[in-house]
Amino acid sequence: MGKEYAEKHLMLALKNNADRTKMNEKLILKEANAIKYAELILFEKYKKDNIEFQKPYQVYLIDDYWVIYGTLPKNYKGGVFSIVFDSWNGKILRLTHGK
């Protein structure tokens with residue numbers, strides 16, 4: 001199919017503008033999938049060992065948005081990651097890591 005096929009799909013996606021109101025159903029329904037999605041991004045940006053050290057994650061679905069952040073051991077000094085994304089389309093609204 002090649003690059004031209006991929007370019008055609010990209011143009012269609014951009015034309016659609018990823019408007020969540022046009023989605024028929026949520027893309028990321030389950031907590032386990034939300035964690036996997038977040039980890040894909042977090043591992044690349046902040047390194048896998050760093051993010052996995054922040055388990056257990058705090059995971060909440062609030063008004064169709066996934067809010068996930070790390071935890072640290074008691075009395076440990078440092079910051080944790082925080083990621084917020086739309087369950088309908090996966091769009092990341094916030095991505096941070098404290099110090």
Side-chain angles (χ1 to χ4, degrees):
M1 293 185 192
K3 187 175 179 180
E4 288 180 17
Y5 182 80
E7 288 172 342
K8 184 184 282 188
H9 278 277
L10 173 60
M11 294 304 290
L12 288 171
L14 293 173
K15 188 175 181 179
N16 186 19
N17 200 20
D19 183 359
R20 74 184 278 190
T21 62
K22 294 180 182 178
M23 304 284 285
N24 292 331
E25 59 186 52
K26 292 179 191 176
L27 180 64
I28 305 167
L29 297 169
K30 298 178 184 175
E31 181 177 308
N33 292 337
I35 291 169
K36 288 178 188 176
Y37 178 72
E39 285 180 335
L40 285 172
I41 295 146
L42 294 164
F43 288 176
E44 187 168 327
K45 182 146 180 81
Y46 300 116
K47 306 294 182 232
K48 183 177 180 178
D49 291 345
N50 177 29
I51 298 304
E52 286 188 334
F53 181 73
Q54 298 177 44
K55 287 182 177 180
Y57 306 142
Q58 299 292 308
V59 183
Y60 303 95
L61 180 61
I62 304 170
D63 296 331
D64 291 332
Y65 294 93
W66 287 105
V67 179
I68 304 174
Y69 55 91
T71 62
L72 293 175
K74 190 174 182 177
N75 299 321
Y76 189 90
K77 293 185 181 183
V80 296
F81 75 85
S82 173
I83 186 169
V84 178
F85 58 91
D86 193 324
S87 67
W88 283 85
N89 58 22
K91 182 178 181 180
I92 298 170
L93 304 174
R94 184 168 171 82
L95 176 63
T96 62
H97 197 299
K99 295 182 179 189

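Heads up: numbering here begins at 1 and tracks the sequence. Only a predicted model underlies this, so the values are computations on that prediction, with no experimental measurement involved.
Within the structure, the salt bridge (charged side-chain N to carboxylate O under 4.0 Å, His left out) test picks out the following pairs touching residues 26-36 (sequence neighbours left out): Lys26-Asp64. Under the side-chain hydrogen bond (donor to acceptor under 3.5 Å, both in side chains) criterion, no residue pair touches residues 70-84, with sequence neighbours excluded.
To the nearest 0.5 Å, atom CD of residue Glu7 and atom CD of residue Glu4 are 6.5 Å apart.
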Indicate every side-chain donor-acceptor pair of residues 39-50 with a distance under 3.5 Å to a residue at least two apart or in another chain.
unit_1 : atom_1 : unit_2 : atom_2 : d
Glu39  : OE2    : Tyr57  : OH     : 2.7
Asn50  : OD1    : Gln54  : NE2    : 3.3
Asn50  : ND2    : Tyr46  : O      : 3.2
Asn50  : ND2    : His97  : NE2    : 3.3

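Applying the 4.5 Å side-chain rule to ILVMFWY residues, one finds that Leu29 remains a lone member of its cluster.
Residues Leu93 and Tyr65 have side chains in contact (heavy-atom distance under 4.5 Å, counting atoms from C-beta outward).
Every residue was checked against the salt bridge (Lys or Arg N to Asp or Glu O under 4.0 Å) condition with Lys91, not counting sequence neighbours, and none meets it. Looking at residues two or more places apart in sequence or on another chain, you find no side-chain hydrogen bond (donor to acceptor under 3.5 Å, both in side chains) involving Glu52.
Taking all atoms of both residues into account, the shortest heavy-atom contact from Gly90 to Tyr37 is O-OH, 2.5 Å. Residues Leu27 and Trp88 share a closest heavy-atom pair of CB-O, 3.2 Å. Nearest heavy atom pair, residue Ala34 against residue Ile68, reads O-CD1, 3.8 Å.
Ile35 and Leu61 fall within a single hydrophobic cluster, where Ile, Leu, Val, Met, Phe, Trp and Tyr side chains are chained together by heavy-atom contacts under 4.5 Å. Hydrophobic clustering (ILVMFWY, side-chain heavy atoms < 4.5 Å, transitive): Tyr69 and Leu72 are in distinct clusters. Phe81 and Ile92 fall within a single hydrophobic cluster, where Ile, Leu, Val, Met, Phe, Trp and Tyr are joined by side-chain heavy atoms under 4.5 Å apart, directly or via other members.
For Lys55, the NZ atom is densely surrounded, since the number of other residues' heavy atoms within 6.0 Å is greater than 12.
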